[in-house]
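Remarks on the structure that follows.
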Amino acid sequence: MSTAVLEPPRAVPRPEPAAPRAFHRFAVLTAACAYVLVCAGALVTSTGSSLAVPDWPLSFGTLFPPMVGGVLFEHGHRLIAGTVAAMTLALLLWCLKTQKDRLVRGLVFAASAGIIVQAVLGGVTVLMRLPPAVSIAHACLGQAVFCTLLAAAQASSPWYLSRPARPGGLSWLGLWTVCAVYVQVALGAYLRHTSSGLFYHAGWAVVAAVSLIALSGEGFRSRLEALRSPSALLFALVPVQLALGLAAWKIKSSPDFETGLHPATAATAAHVAVGAALLGTSVIWWLRSRKAS
């Protein structure tokens, strides 16, 4: 009798369970909507529509006021914010039920807490008639919530969960760049809401731009496939952002500048939107550097 027959069958290793693709796709959609929310907030500020609706949480005592003039931007911003909040809380419930990865759970918890605080700050901003400190905190937290949702979308991807951490990964240059860009975002919020601090915002723009270009260069030099796309996007967006910043400064310093929806204010809103894109792409680059090989 063959000895092979007497040997116990070898256990076949089970493959690691893949992340639910539906959860990942919903996380991506939620992050995309959060980016739209950041852009909508930029339009509210750029068009001077922040107090177009003087009450909160209702708008002129109703859920759906006439969407005309500044109300279109302010109340539209609220509608998008409500949608993102509902999606984020739904993501949290879904996460609690299906996700076991500690990073994904932590990021979704952080985004859910942030979106609640963000809603309160938005209401306080209106009720207190735009106090600069609250308005700046509202703008900065909005960018942080967007990046946290974006990180949750990346961390919940099947590619990310199926790969071990790369030795020596999670580039310190990536972390520095994320911090540098976020500081620039905060300085920009301070400038928009106080009309002061241009010197610091312009000066730190040089630091942030150099860091972004260096990060992009590191991604290309590494020849890692996962870093190629975010590196290319960073390299392309940096000159666009610098040009928009210069245009926004020239437009707002003009004696003929008026608030409202026109190409000039669109340029200032685009400056905020591209800044958010640079910050989010830096976060993706940083996270992918941990797993890329």
Side-chain angles (χ1 to χ4, degrees), residues 11-39 79-122 140-172 174-175 177-179 181-182 219 224-230 233 276-293:
V12 178
R14 294 183 179 180
E16 291 293 327
R21 292 186 179 274
F23 177 88
H24 167 62
R25 289 168 181 164
F26 186 70
V28 171
L29 179 61
T30 305
C33 291
Y35 180 72
V36 173
L37 178 59
V38 170
C39 298
L79 293 177
I80 298 171
T83 301
V84 173
M87 293 176 71
T88 303
L89 296 178
L91 192 70
L92 174 62
L93 295 176
W94 197 345
C95 177
L96 291 173
K97 195 171 184 179
T98 64
Q99 295 295 312
K100 296 182 179 180
D101 185 81
R102 293 177 64 182
L103 177 60
V104 175
R105 290 171 71 93
L107 288 168
V108 174
F109 268 100
S112 301
I115 204 75
I116 294 172
V117 176
Q118 180 71 345
V120 173
L121 286 175
C140 293
L141 183 58
Q143 297 266 7
V145 169
F146 159 61
C147 288
T148 305
L149 287 169
L150 191 63
Q154 175 64 83
S156 65
S157 68
W159 174 87
Y160 198 86
L161 289 174
S162 64
R163 300 174 73 91
R166 181 170 67 93
L170 210 59
S171 163
W172 288 108
L175 176 59
T177 304
V178 170
C179 294
V181 177
Y182 189 75
L224 296 174
E225 183 67 28
L227 299 181
R228 183 178 301 172
S229 296
L233 186 58
L278 283 167
L279 179 60
T281 305
S282 300
V283 170
I284 292 297
W285 195 107
W286 182 49
L287 283 174
R288 287 189 179 185
S289 71
R290 182 171 180 258
K291 298 290 186 83
S293 60

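Below, all heavy atoms of this structure are taken into account, side chains as well, without hydrogens, waters or symmetry copies. This structure is a prediction, so every number in the text was calculated from the model and none was measured.
- A distance of 11.5 Å separates OG1 in Thr30 from CG in Leu92, rounded to the nearest 0.5 Å.
- Val108 places none of its side-chain heavy atoms less than 4.5 Å from the side chain of Gln99.
- From Leu175, atom CG reaches atom CG of Leu287 across 10.5 Å, with rounding to the nearest 0.5 Å.
- Ring-plane geometry between Phe146 and Tyr35 is classed as tilted, the angle between the planes lying from 30 to 60 degrees on a 0 to 90 degree scale.
- How far CG of Leu279 is from OG1 of Thr177: 11.0 Å, rounded to the nearest 0.5 Å.
- Closest approach of Pro164 to Lys291, counting heavy atoms only: O-CD, 3.3 Å.
- Looking only at distances, no side-chain donor or acceptor of Arg21 sits under 3.5 Å from a matching main-chain atom of Pro158.
- To the nearest 0.5 Å, atom CZ of residue Arg105 and atom OG1 of residue Thr98 are 9.0 Å apart.
- The shortest side-chain heavy-atom distance between Cys33 and Leu29 falls under the 4.5 Å cut-off.
- Annotation for Val104 and Ala155: closest pair CG2-O, 3.5 Å, computed over non-hydrogen atoms.
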### Task
Report the C-alpha distance between Phe109 and Thr148 in whole Å, list the side-chain angles of each, state the deciding distance to 0.1 Å, and finish with yes or no for side chain to side chain contact (heavy atoms under 4.5 Å, CB included).
CA-CA 10 Å; Phe109 268 100; Thr148 305; over 6 Å; no
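- Rounding to the nearest 0.5 Å gives a distance of 11.0 Å between CD of Gln118 and OG1 of Thr88.
- Side-chain contact between Tyr182 and Cys179 is absent, with no heavy atoms from C-beta onward closer than 4.5 Å.
- Residues Arg288 and Trp159 meet the side-chain proximity criterion, which asks for heavy atoms closer than 4.5 Å.
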### Task
List the steps and the verdict of side chain to side chain contact (heavy atoms under 4.5 Å, CB included) for Ile115 and Leu149.
CA-CA 10 Å; Ile115 204 75; Leu149 287 169; 5.6 Å; no
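- Between Gly142 and Val38, the shortest heavy-atom distance links the atoms O-CG2, 4.0 Å.
- In this structure, the side chains of Leu141 and Val145 come closer than 4.5 Å at one or more pairs of heavy atoms.
- Counting only distance, with no hydrogens or angles, the side chain of Thr281 and the backbone of Leu278 share no donor-acceptor pair below 3.5 Å.
- Annotation: the span from Met87 atom CE to Trp94 atom CH2 amounts to 10.5 Å, rounded to 0.5 Å.
- Under a 3.5 Å cut-off, the side chain of Tyr160 and the backbone N or O of Ala153 do not form any donor-acceptor pair.
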